[in-house]
Amino acid sequence: MPELAEVEYYRKRWDPALGQTVARVILRPASRLLRGANPKHLSEALTGAVLESSAAAAKQMLFRFSGDAWLGIHLGMTGELKLAAPEYLVGKHDHLVLFTAQHALVFSDFRQFGRIQFSVGPEAPDWWTSIAPPVLSSEFTPEAVAGFLRRRQRAPIKAVLLMQERFPGIGNWMADEILWRAEIHPKRPAGSLSPDEIQALWREARWVCREALRTVGQDLRDPPRTWLFPHRWENGGVCPKTGVPLVREEIGGRTTCWSPGRQKLKPGKKSTRASRSRAR
DNA sequence: TCCTATGTTGTATG
DNA sequence: ACATACAACATAGG
C-alpha cells in the first residue's frame with residue numbers, strides 16, 4: 001500500500017505511545033525483514049526504552065528511543081503499523097510488536113518486502129540522513145528535475161519518476177497521477193520532455209504530494225473522484241477529465257494507467273500564436 | 001490454475 | 001563507471 005502519504009499516515013499510528021516505556025519486544029523469529037541485522041541487539045536496546053519521537057521521509061519511518069536507539073521501518077508493498085491493546089496476541093504476519101503498559105505497537109507485513117533497521121548512536125543513522133530532499137522542499141527545483149531527466153534520458157518517464165534518489169516517496173499510483181495531471185505520456189523518454197513539460201511535471205509532483213498528504217496522509221481517505229486515483233484500478237475506468245476509457249499497460253515493470261488522447265506519445269506541440277497563424 | 005498487487009535490489013547487458 | 005532492463009523476493013485474493 002504505502003507511498004509518501006500512506007507512510008505518513010502509518011507513522012502517526014504509534015504516536016499515542018510517545019513517552020511510554022517498552023516493556024517487552026517481540027520479533028518474528030528469523031524475520032526476513034531484518035536482513036541479517038541482529039535481533040538480540042534490537043530487543044535488548046528497546047526493552048525498557050522510551051519512545052521519544054517519530055518521523056517519516058520518503059517511504060521510510062524512523063522511531064527514536066531513549067538510550068540513543070533508532071528504529072527504522074520500511075513498509076514495502078504490504079506493511080502496516082497499528083496500535084492495539086496491551087493484551088494483543090501476536091499475529092501470523094507480525095514482524096515486530098512493542099508492548100508498553102497501555103499499548104501494543106504492531107508492525108505486520110504479509111509479503112515481507114518491508115524492512116526493519118536498527119542502530120544505536122547519538123546521531124540519526126546514515127540510511128536516514130542520506131534520503132533525498134523531499135519533493136515539497138526548496139531543494140526540489142525544476143532545475144534539479146531537469147538535470148536528473150537528462151541523465152536518465154532514454155528511460156521512460158514513468159520509470160524515472162519511481163526513482164527514490166530524486167522523487168522520494170513517489171510510488172506507482174502517485175507517478176501515474178502526476179503524469180496524468182501534467183498531460184505527459186508515461187512512455188515518453190525522460191530526455192524528450194520540453195522545458196514546459198518539465199515545469200509541469202515539477203509542479204504536479206508537488207501538488208500531488210501536498211494534496212495526498214492532506215487526504216490519504218490524514219486518515220487513509222481516498223482522494224476525490226476528480227483524481228485519476230479512484231479510477232485507475234477500476235475495470236472499465238474512464239478518465240475523469242475526458243471520459244475516454246483509461247489504458248493499462250506494464251511500463252518499467254509496473255502496471256501503468258493513463259488517459260489516451262490527454263497523454264500523447266508524441267511530444268505535445270504547444271499551440272502558440274505563431275503556430276496558429278502558420279496553420280492558417 | 002493463473003494472474004495481479006501502492007517496492008526494492010541484485011545481476012546481466014549495453 | 002554509468003544507464004537500463006528485469007527477475008527475484010513471499011503471500012493472498014480474485
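These values consider heavy atoms only, across backbone and side chains, with no hydrogens, waters or symmetry-generated copies.
No aromatic stack links Phe113(A) and the base of dT8(B), using centre distance under 5.5 Å and interplanar angle under 30°.
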What protein N or O atoms touch nucleotides 4-7 of chain C N or O atoms at under 3.5 angstrom, if any, and at what distances?
residue : atom : partner   : partner atom : Å
dT4(C)  : OP1  : Arg154(A) : N            : 2.8
dT4(C)  : OP1  : Ala155(A) : N            : 3.3

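Side-chain proximity of Gln112(A) to dA5(B), dA10(C), dT9(B): nearest is dA10(C). The nucleotide whose nearest atom lies closest to any side-chain atom of Phe110(A) is, among dA12(C), dT9(B), dG7(B), dA12(C). Considering only side-chain atoms of His74(A), the nucleotide from dT9(B), dA5(B), dT8(B) that sits closest is dT8(B).
Across the protein-nucleic acid pair, Glu6(A) atom CD and dG7(B) atom C1' stand 12 Å apart, rounded to whole Å. Between the CD atom of Glu250(A) and the P atom of dG7(B) there is a distance of 13 Å, rounded to whole Å. Atoms CZ (Arg150(A)) and P (dC2(C)) sit 17 Å apart, rounded to a whole Å. In this entry the distance linking CE of Met77(A) with C1' of dT9(B) reads 13 Å, nearest Å. Distance CD (Glu249(A)) to C1' (dT4(B)): 16 Å, rounded to an integer number of Å. One atom, OH of Tyr10(A), and another, C1' of dG7(B), lie 15 Å apart when rounded to the nearest Å. Distance, Ile116(A) CD1 to dT8(B) C1': 16 Å, rounded to whole Å. Rounded to whole Å, the distance from CG on Leu75(A) to P on dG7(B) is 11 Å.
No donor-acceptor contact under 3.5 angstrom links the side chains of Thr215(A) and Asp222(A), judged on distance only.
When atom types are taken as modelled, the side chain of Arg203(A) and the backbone of Ile198(A) share no donor-acceptor pair closer than 3.5 angstrom.
Phosphate contact (OP1/OP2 of dA12(C), side-chain N/O of Lys92(A), threshold under 4.0 Å): present. Within the structure, a side-chain polar atom (N or O) of Arg254(A) is placed less than 4.0 Å from OP1 or OP2 of dG7(B). OP1 or OP2 of dA5(B) sits under 4.0 Å from a side-chain N or O of Thr255(A). Look at Gln164(A) and you won't find any side-chain N or O under 4.0 angstrom from OP1 or OP2 of dG7(B). A close approach under 4.0 Å does not occur between any side-chain nitrogen or oxygen of His93(A) and OP1 or OP2 of dA10(C).
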Practice task
Mind running side-chain hydrogen bond (donor to acceptor under 3.5 Å, both in side chains) on Glu6(A) and Trp173(A) for me, showing each step along the way?
Solution key: CA-CA 12 Å; Glu6(A) 290 92 345; Trp173(A) 79 253; 2.9 Å; yes

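Here the straight-line distance linking atom CG of Leu51(A) with atom CZ of Phe65(A) works out to 4.5 Å at 0.5 Å rounding. The CD1 atom of Ile26(A) sits 6.0 Å away from atom CZ of Phe99(A), with the distance rounded to the nearest 0.5 Å.
Interface remark: the Arg111(A) side chain does form a donor-acceptor pair with the dA5(B) base, using a distance-only criterion of under 3.5 Å.
Enclosure of atom CG in Asp219(A) by more than 12 non-hydrogen atoms of other residues, nucleotides or ligands within 6.0 angstrom is indicated.
Between Phe148(A) and Phe167(A), the two ring planes are perpendicular [angle over 60°; tilted spans 30° to 60°]. Aromatic ring pairs are classed by plane angle as parallel below 30°, tilted from 30° to 60° and perpendicular above 60°; the pair Phe107(A) and His95(A) is tilted.
Nucleotides dT11(B) and dA10(C) have their P atoms positioned 15 Å apart, rounded to a whole Å.
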Practice task
Determine which bases of DNA chain B form Watson-Crick or G-U wobble pairs with both distances under 3.5 Å, and write the result as a 5' to 3' dot-bracket string with | for other-strand partners.
Solution key: .||||.||||||||

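For the side chain to side chain contact (heavy atoms under 4.5 Å, CB included) with Leu75(A), the qualifying choice from Met61(A), Lys59(A), Glu3(A), Gln60(A) is Met61(A), the only one to do so.
With Trp180(A) as the aromatic partner, Arg262(A) meets the cation-pi criteria of under 6.0 angstrom to the ring centre and within 45 degrees of the ring axis.
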